[in-house]
Amino acid sequence: MKANEATRRPGDVMELRGMVASRTLRLPKQLEQVARKALARPDLVAFGSARSVAAACSVSPTTVTRLATALGFESFRDFKTFFQQHLRKMSHS
């Protein structure tokens with residue numbers, strides 16, 4: 001599946017990790033770079049801004065927003081909430 005096709009939003013971080021690892025979702029190089037950084041450091045997205053995530057990944061804030069929408073999220077804010085919920089769930093288990 002290409003990033004520009006309609007993508008069903010992953011249900012959780014493990015599903016997203018599987019999509020990226022299995023190459024089910026083929027992303028352009030910069031989008032994959034941001035996705036891998038987000039999976040390695042979920043706190044970066046959960047507590048950061050599109051600008052701070054972009055700086056950590058050496059890409060533009062627009063690239064971060066494009067990743068969020070390519071993964072089926074409505075916005076970066078929706079993507080951020082997804083990672084906040086993941087961290088909340090991990091802290092309670």
*asked:* Suppose we screen for salt bridge (Lys or Arg N to Asp or Glu O under 4.0 Å). Which residues come up paired with R9, at least two apart in sequence or across chains?
replied: D78
_Partners meeting salt bridge (Lys or Arg N to Asp or Glu O under 4.0 Å) with E32 (sequence neighbours left out)_ = R23, R36
*Verify the neighbour count for atom CD of E74: are there more than 12 heavy atoms of other residues, nucleotides or ligands below 6.0 Å?*
no
*Can you name the side chain to side chain contact (heavy atoms under 4.5 Å, CB included) partners of P42, sequence neighbours left out?*
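By the side chain to side chain contact (heavy atoms under 4.5 Å, CB included) rule, P42 matches F83, H86, L87.
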*Please list, chain by chain and in numerical order, all residues satisfying side chain to side chain contact (heavy atoms under 4.5 Å, CB included) with T62, sequence neighbours excluded.*
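For T62, the residues satisfying side chain to side chain contact (heavy atoms under 4.5 Å, CB included) (neighbours in sequence not counted) are S60, R66.
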*Among all residues two or more places apart in sequence or in another chain, which pass the ring-ring contact (aromatic ring centres under 6.0 Å, His included) test with F82?*
F73
At their closest point, which heavy atom of [X] faces which heavy atom of [Y], and how far apart are they?
X   : Y   : value
P10 : M19 : CB-SD, 3.9 Å
A35 : L27 : CB-CD1, 4.1 Å
A50 : V64 : O-CG2, 3.8 Å
S75 : A68 : O-CB, 3.8 Å

*Under 4.5 Å side-chain linkage, directly or through intermediates, the cluster mates of M90*: none
Please check if the side chain of [X] supplies one atom and the backbone of [Y] the other of a donor-acceptor pair under 3.5 Å.
X   : Y   : result
T63 : V59 : no
Q84 : A46 : yes
T65 : P61 : yes
Q33 : C57 : yes

*Please list all pairs passing the salt bridge (charged side-chain N to carboxylate O under 4.0 Å, His left out) test where one or both residues lie in residues 39-51, with sequence neighbours left out.*
R41-D43
*Scan residues 82-93 for pairs that pass salt bridge (charged side-chain N to carboxylate O under 4.0 Å, His left out), counting only residues two or more places apart or in two chains.*
none
*Residues forming a side chain to side chain donor-acceptor pair (under 3.5 Å) with S49, sequence neighbours excluded*: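 Partners of S49 under the side chain to side chain donor-acceptor pair (under 3.5 Å) test: S52.
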*Evaluate the side-chain proximity of L67 to F76: yes if any heavy-atom separation is below 4.5 Å, no if none is.*
no
*ring pair (Phe, Tyr, Trp, His ring centres under 6.0 Å): pairs with one or both residues in residues 9-47, sequence neighbours excluded*: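 Qualifying pairs: none.
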